[in-house]
> 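The structure that follows is given in the form of structure tokens.
Position 1 is the first residue of the sequence, and the numbers go up from there. Not measured: the values here are computed from a predicted model. These numbers come from the heavy atoms of this one structure, side chains and all, not from hydrogens, waters or symmetry mates. Indexing begins at 1, ligand by ligand and atom by atom, following the structure's order.
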Amino acid sequence: MLGEFRRRLEEYEGSLIIGVAGDSGSGKSTFTKSIINLLGKDLVSSFSLDDYHTEDRETRKKTGHLPLDPKINNLKLAAEHLSALQKGNAIIKPVYNHKTGKFDPPEVFEPKKIVIVEGLHTLYDELRNYLDLKIYVDPSKDIKWLWKIKRDVEERGYKKEDVIKEIRAREPFYKRYIDFQKIYADIVIKIDISKFSEEDSYSVETILKVLDFPLSGIEMPLSLSSLINTSQKPMMISYRDDFYYMKRVSRITFDGLIPHEAIDSLERRIMEYTGFENYILERSKYVNGTQIAQLLVAWYFVEMMNNIFREIENAREKNIY
Ligand SMILES: Nc1ncnc2c1ncn2[C@@H]1O[C@H](COP(=O)(O)OP(=O)(O)OP(=O)(O)O)[C@@H](O)[C@H]1O
Ligand SMILES: O=C(CO)[C@H](O)[C@H](O)COP(=O)(O)O
């Protein structure tokens, strides 16, 4: 079974598309970068739907439009591009530069075997039809606003009071155009303040839509003895079955910091199975809930895609293709 996923992926005609949606400052790009690291840069390329805004920063100041409004995003072009990428074709896409607030010249984007598209409207209307895996990142308001203020002031050159004003103006648009997209997600990642006071720790709940095909048998080992013997920090793990927007889901929550040793064999199992040579998570003594969520997403993605590959292979054997 070693590296079976990688072999099948390499033989796959076209590209698999992962979509990551969520509000501004909700951690979409950060999450996307971590997924690229764990699946490997040679296999994954990514872009942001921010590139499909139709108004630059100066124009938005004059019109009063907000980027969350689908009308000021060229979603039709984005859908055409996703369709081309799914077939494995390159596209020439617009480029929005967050440093200058203006558009740079369009660029050629070559898809790798896996393409991640992240943005405010990734699961909106037609766009979600082109996605093989749909993810929604959903931090609580307090966390999201804290992250956004810090990022916009430090990296995008905004004044703190302007970011706060914009956050207030955006909320109704968020409710109307962004929030509902989680209904369509295969995986929702909810991030909340930790019950414990450890630095860098959040309470992270991963809500996974129950897959409707038999799983391939990849084990999910979690070393309880490592947890008990090595954990000097408070932490909590919980699991429950539930319904989420009428879909059967599994809810898995990690809060606090978990000794890396406890999830070591789980990480190795995924690496062996996928043939990915990189360690999935950074080598550190402890891992936090968002890192565990990344592991769960990697495992879920591999299971889903293996099912797609199996279906294609079965159909080929029956000469349907
Ligand atoms: N898991 C995380 N743990 C700690 N901080 C995080 C995490 N995810 C994101 N952040 C912080 O939040 C900030 C915003 O995240 P990011 O840029 O990924 O959001 P985004 O959803 O892509 O935003 P936008 O759509 O506005 O570009 C980052 O600069 C980072 O400091
Ligand atoms: O909601 C957003 C997604 O990141 C941004 O505000 C939007 O892309 C515009 O970017 P900028 O504020 O850098 O002009």
> Quick one: CD on Glu118 to OG on Ser26, what's the gap to the nearest 0.5 Å?
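The CD atom of Glu118 sits 8.5 Å away from the OG atom of Ser26.
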> What atoms of ligand 2 come closer than 4.0 angstrom to any heavy atom of Arg57?
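So the atoms of ligand 2 that pass are 11 (P), 13 (O), 14 (O).
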> For ligand 1, which atoms, with element, lie under 4.0 Å from some heavy atom of Asp23?
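So the atoms of ligand 1 that pass are 21 (O).
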> Minimum distance, heavy atoms only, to atom 5 (C) of ligand 2: which one of Arg170, Lys148, Glu58 is it?
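Selected option, by shortest heavy-atom distance: Arg170.
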> Answer yes if a protein heavy atom lies under 4.0 Å from atom 18 (O) of ligand 1, otherwise answer no.
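When distances to the protein are checked, atom 18 (O) of ligand 1 has a heavy atom within 4.0 Å.
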> Any heavy atom of Arg60 sitting closer than 4.0 Å to ligand 2?
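Within the 4.0 Å threshold, so yes.
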> Short N/O distance, under 3.5 Å, between Ser24 and ligand 1?
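Right, the criterion is met.
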> Backbone, side chain, both or neither: what part of Thr290 comes under 4.0 angstrom of ligand 1, heavy atoms only?
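Under 4.0 Å from ligand 1, Thr290 contributes side-chain atoms alone.
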> Considering only protein heavy atoms, which is closest to atom 4 (C) of ligand 1, and at what distance to one decimal place?
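Nearest protein contact, heavy atoms only, for atom 4 (C) of ligand 1 is Trp147 CZ2, 3.6 Å.
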> Output yes when Asp241 and Arg248 qualify as a salt bridge under the 4.0 Å nitrogen-oxygen rule, no when they do not.
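Salt bridge flag = no for Arg248 with Asp241.
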> Give the ring-plane orientation class for Phe103 versus Tyr96, where under 30° counts as parallel, over 60° as perpendicular and anything between as tilted.
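If you compare the ring of Phe103 with that of Tyr96, the planes turn out perpendicular.
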> Using the benzene-type ring in the case of Trp, are the ring centres of Trp147 and Tyr202 under 6.0 Å apart?
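Centroid separation for Trp147 and Tyr202: below 6.0 Å.
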> Should Lys76 and Glu80 count as an ion pair when the cut-off is N to O under 4.0 Å?
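Glu80 and Lys76: salt-bridged.
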> Of the side chain and backbone of Asp56, name the one, both, or neither that has a heavy atom under 4.0 Å from an atom of ligand 2.
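Near ligand 2, Asp56 shows nothing, with every heavy atom at 4.0 Å or more.
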> Hey, is ligand 1 close enough to Gly27 that some N/O pair sits below 3.5 Å?
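Yes; at least one N/O pair falls below 3.5 Å.
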> What atoms of ligand 1 come closer than 4.0 angstrom to any heavy atom of Ser29?
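Reading through ligand 1 atom by atom, the close ones are 17 (O), 18 (O), 20 (P), 22 (O).
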> Which atoms of ligand 1 have any heavy atom of Arg156 under 4.0 Å away?
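So the answer, numbered in order with elements, is 26 (O), 27 (O).
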> Where does Tyr202 meet ligand 1, judged by heavy-atom distances below 4.0 Å: at the side chain, the backbone, both, or neither?
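Within the 4.0 Å criterion, Tyr202 contacts ligand 1 through side-chain atoms alone.
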> Taking the six-membered ring of Phe196, is NZ or CZ of Lys233 closer than 6.0 Å to its centre and within 45° of its axis?
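Checked: cation-pi criterion not met.
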> Please check this pair: side chain of Asn97 against backbone of Thr100, looking for a donor-acceptor N/O pair closer than 3.5 Å.
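Such a contact is found between Asn97 side chain and Thr100 backbone.
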> Which atoms of ligand 2 sit under 4.0 Å from any heavy atom of His53?
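It comes down to these atoms of ligand 2: 7 (C), 8 (O), 9 (C).
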> Among all protein heavy atoms in this structure, tell me which lies nearest to atom 20 (P) of ligand 1, with the distance rounded to 0.1 Å.
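Looking only at protein heavy atoms, the one closest to atom 20 (P) of ligand 1 is Lys28 N, 3.5 Å.
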> Looking at atom 16 (P) of ligand 1, what's its closest protein heavy atom, distance included?
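Minimum-distance protein heavy atom for atom 16 (P) of ligand 1 reads Thr30 OG1, 3.6 Å.
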> Taking the six-membered ring for Trp, are Tyr184 and Tyr136 ring centroids under 6.0 Å apart?
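Judged by ring-centre distance (under 6.0 Å), Tyr184 and Tyr136 do not meet the cut-off.
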> Distance under 6.0 Å and angle within 45° of the ring axis: does Lys144 meet both against Tyr174?
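Yes, Lys144 sits over the ring of Tyr174.
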> Would you mind checking which non-hydrogen protein atom is closest to atom 23 (O) of ligand 1, with the distance to 0.1 Å?
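Closest protein heavy atom to atom 23 (O) of ligand 1: Gly25 N, 2.9 Å.
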> Which heavy atom of Leu127 sits nearest to which heavy atom of Leu75, and what is that distance?
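Answer, listing the atom of Leu127 first, then Leu75: CD2-O, 3.7 Å.
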> Specify side chain, backbone, both or neither for Ile191, according to which of its non-hydrogen atoms lie closer than 4.0 Å to ligand 1.
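For Ile191, there is no contact with ligand 1 at all, from either part.
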> Touching ligand 1 at all, Gly22? Heavy atoms, strictly under 4.0 Å?
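Distance cut 4.0 Å: Gly22 fails for ligand 1.
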> May I ask you to check if Arg8 and Phe309 form a cation-pi contact, with NZ or CZ under 6.0 angstrom from the six-membered ring centre and within 45° of the axis?
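Negative - Arg8 is either too far from the ring of Phe309 or too far off its axis.
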> Can Glu154 and Lys150 be counted as an ion pair, charged N to O under 4.0 angstrom?
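Looking at Lys150 together with Glu154, the answer is yes, because their closest N to O distance falls below 4.0 Å.
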> Report the member of Tyr52, Tyr96, Tyr174, Tyr158 with the shortest heavy-atom distance to atom 12 (O) of ligand 2.
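Among Tyr52, Tyr96, Tyr174, Tyr158, the closest heavy atom to atom 12 (O) of ligand 2 belongs to Tyr158.
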> Which protein non-hydrogen atom lies closest to atom 2 (C) of ligand 2, naming both residue and atom, and how far is it?
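Sorting protein heavy atoms by distance from atom 2 (C) of ligand 2 puts Ser24 OG, 3.6 Å first.
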> Among all the protein's non-hydrogen atoms, which is closest to atom 29 (O) of ligand 1, and how far away is it?
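Scanning the protein heavy atoms, the shortest distance from atom 29 (O) of ligand 1 goes to Arg151 CG, 3.2 Å.
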> Ring centres under 6.0 Å, that's the criterion: do Tyr52 and His81 meet it?
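Aromatic pair counts; centres sit under 6.0 Å.
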